[in-house]
Amino acid sequence: MRFSDLLTVRLWLNFIRLFILMGLSFSAFTALSQADPNSALLLRSSGKAPTKDDLDSSRYQVRESPRGSDDDRRLQSDPRVAPSPEPSVTAITQQPTPSQVRPQIDPTLQMGDTTFEQHVKEAEGVTDAMQEILIGGTLENITRYKQMLDENDYRKNIVDLSIEPLYIYNDSQSNFWLREYFTSSPGLNIGANVWITPFFGFHTSYKTSLNASIKTAFADSGRTPVDHEWFRGGLRFRKFFGIHQQAKGLIFALDFSEYQMKIESSAQSRVGVKSSGVRLGVESLLPTSSAHQWNLGVHIIPRLDHKHVQTGISAQSGSNQESTGFGVSLGSRFVFSRKSQVFWRLSHEIEKNLFDGQSSVNDARTGNPVTGVEVTNSFTTFSIGYTWGN
């Protein structure tokens with residue numbers, strides 16, 4: 001046999017041997033993979049307990065227990081023990097939100113009723129406060145208050161009627177002759193107070209001048225009759241600092257007030273005026289004895305609606321106006337009984353009118369329109385009156 005043929009035979013024998021070895025290795029690997037894991041460990045065991053490194057080299061991975069106990073390690077390393085399934089994302093997202101969870105409410109608790117009762121108490125508190133301000137308290141307390149008053153105390157009256165003869169001096173100063181004049185005349189005031197309680201009531205009054213007149217024209221000495229008229233109607237609130245007859249007190253007034261100067265409709269050089277607005281006032285009651293008291297008062301009309309009342313001419317002092325009223329008074333009252341009282345009063349009131357633009361007619365003194373007409377109309381009044389109460 002030649003050398004080349006011998007070499008070829010040996011190569012084939014080596015190839016057959018390698019193929020047999022590969023088949024035996026594959027059979028052994030398949031048998032090991034199908035064997036019992038415990039027996040595999042025993043076959044690999046050397047007669048002593050396996051270490052962590054030995055276990056890590058196996059197909060199973062040991063996880064550390066948070067508690068680090070041997071029991072947990074055995075449970076996790078044993079593949080026959082099924083691990084607890086982890087919650088899925090779907091299960092987590094399907095959990096109800098806190099807003100969807102209905103709390104278990106004790107059916108004996110009526111929260112709605114509690115809230116309603118709380119609102120009722122708050123409303124009653126507001127009602128009591130308003131009642132205290134408006135009428136001075138509950139009707140029961142008011143009745144007890146009136147029973148404690150002296151029989152001749154005027155606070156027991158329900159109605160007070162007053163008649164008041166007076167003297168009025170009116171002086172209107174202006175840079176526009178049409179609005180400059182003065183009057184002096186007697187007058188009369190009639191008023192009434194109706195007291196719902198000793199602390200709250202209604203007021204109305206009407207005051208007028210008698211036989212007043214103003215100068216007819218700038219270059220004429222003649223005079224034109226005029227009437228000054230006042231009307232007031234509103235509320236009265238009284239507060240007393242004590243229950244005896246000499247107790248001091250305050251009277252708060254909230255009125256609608258209107259003043260008007262009326263002139264004959266045929267007048268050719270004068271116009272009438274009218275002012276109205278809300279009047280706020282306060283008057284102090286300062287008794288010196290059970291039969292006498294001093295009265296000091298002040299009032300303000302923050303904004304007046306002032307306008308001209310046309311006569312034989314159509315004249316305006318300006319395009320826009322701003323008007324305010326203010327007044328003070330001083331007087332005293334002699335109380336003979338709660339049904340009979342005499343008083344006197346001295347008062348001074350001012351009404352201020354400011355106009356924008358020019359007057360619609362020429363001024364009688366200059367022959368030209370007046371720009372920025374200004375009027376200060378003041379009234380000084382002295383009166384002596386009588387009040388009948390019941």
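In this text, all values refer to a predicted model and were calculated from it rather than measured experimentally. Values below: every heavy atom of this structure, side chains too, minus hydrogens, waters and symmetry copies.
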Within the supplied structure, the quantity of interest is the number of heavy atoms (other residues, nucleotides, ligands) at a distance under 6.0 Å from [X] [atom1]; does it exceed 12?
{"X": "F382", "atom1": "CZ", "answer": "yes"}
{"X": "K352", "atom1": "NZ", "answer": "yes"}
{"X": "N141", "atom1": "CG", "answer": "yes"}
{"X": "K339", "atom1": "NZ", "answer": "no"}
{"X": "R365", "atom1": "CZ", "answer": "yes"}

Do [X] side-chain atoms and [Y] backbone N/O form a donor-acceptor pair below 3.5 Å?
{"X": "T387", "Y": "Q341", "answer": "no"}
{"X": "S269", "Y": "T216", "answer": "yes"}
{"X": "S275", "Y": "Y259", "answer": "no"}
{"X": "T381", "Y": "S347", "answer": "no"}
{"X": "S284", "Y": "L296", "answer": "yes"}
{"X": "N377", "Y": "N353", "answer": "no"}
{"X": "R155", "Y": "I243", "answer": "yes"}

Identify the two heavy atoms, one from [X] and one from [Y], that lie closest to each other, and give their separation to 0.1 Å.
{"X": "A247", "Y": "P287", "answer": "O-CG, 3.4 Å"}
{"X": "Q321", "Y": "L304", "answer": "NE2-O, 3.7 Å"}
{"X": "R270", "Y": "E180", "answer": "NH1-O, 3.1 Å"}
{"X": "V271", "Y": "M261", "answer": "O-CE, 3.7 Å"}
{"X": "D255", "Y": "G234", "answer": "OD1-CA, 3.2 Å"}
{"X": "Q246", "Y": "S290", "answer": "CG-N, 3.7 Å"}

From CA spacing to verdict: side chain to side chain contact (heavy atoms under 4.5 Å, CB included), N368, D363
CA-CA 5 Å; N368 297 316; D363 183 63; over 6 Å; no

Does some side-chain heavy atom of [Y] sit less than 4.5 Å from a side-chain heavy atom of [X]?
{"X": "T204", "Y": "V194", "result": "no"}
{"X": "S174", "Y": "Y181", "result": "no"}
{"X": "I158", "Y": "N390", "result": "no"}
{"X": "R238", "Y": "F240", "result": "yes"}
{"X": "V335", "Y": "Q245", "result": "no"}
{"X": "Y167", "Y": "T380", "result": "no"}
{"X": "T366", "Y": "W177", "result": "no"}
{"X": "H308", "Y": "S317", "result": "yes"}

Under a 4.5 Å side-chain heavy-atom rule over Ile, Leu, Val, Met, Phe, Trp and Tyr, are [X] and [Y] clustered together?
{"X": "V278", "Y": "L235", "answer": "yes"}
{"X": "I301", "Y": "F379", "answer": "no"}
{"X": "W230", "Y": "V273", "answer": "yes"}
{"X": "I313", "Y": "V375", "answer": "yes"}
{"X": "L161", "Y": "Y154", "answer": "no"}

Starting at [atom1] of [X], measure out to [atom2] of [Y] and round the result to the nearest 0.5 Å.
{"X": "D160", "Y": "R236", "atom1": "CG", "atom2": "CZ", "value": "12.0 Å"}
{"X": "N193", "Y": "S205", "atom1": "CG", "atom2": "OG", "value": "9.0 Å"}
{"X": "F256", "Y": "F231", "atom1": "CZ", "atom2": "CZ", "value": "7.5 Å"}
{"X": "L178", "Y": "Q316", "atom1": "CG", "atom2": "CD", "value": "10.0 Å"}
{"X": "D227", "Y": "S213", "atom1": "CG", "atom2": "OG", "value": "10.5 Å"}
{"X": "W344", "Y": "R333", "atom1": "CH2", "atom2": "CZ", "value": "12.5 Å"}

We want to know whether [X] and [Y] form a side-chain donor-acceptor pair, criterion being a heavy-atom distance below 3.5 angstrom.
{"X": "N320", "Y": "E322", "value": "no"}
{"X": "E164", "Y": "S162", "value": "no"}
{"X": "S378", "Y": "Y169", "value": "no"}
{"X": "N157", "Y": "W195", "value": "no"}
{"X": "R279", "Y": "S257", "value": "no"}
{"X": "T371", "Y": "Q358", "value": "yes"}

Tell me whether the NZ or CZ atom of K239 lies within the 45° cone about the ring axis of F241 and under 6.0 Å from its centre.
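Yes, a cation-pi geometry.
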
Assess the pair Y145 and F199: is the distance between their ring centroids shorter than 6.0 Å?
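Between Y145 and F199, the centre distance is under 6.0 Å.
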
Does this structure show an ion pair linking E151 with K156, if we count only N-O contacts that are shorter than 4.0 Å?
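Yes, E151 and K156 are salt-bridged.
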
Does this structure show an ion pair linking K274 with D305, if we count only N-O contacts that are shorter than 4.0 Å?
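Looking at D305 together with K274, the answer is no, because their closest N to O distance does not fall below 4.0 Å.
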
Just to verify, which of K215, R223, H228 counts as forming a side-chain hydrogen bond (donor to acceptor under 3.5 Å, both in side chains) with T183?
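The residue from K215, R223, H228 that satisfies side-chain hydrogen bond (donor to acceptor under 3.5 Å, both in side chains) with T183 turns out to be H228.
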
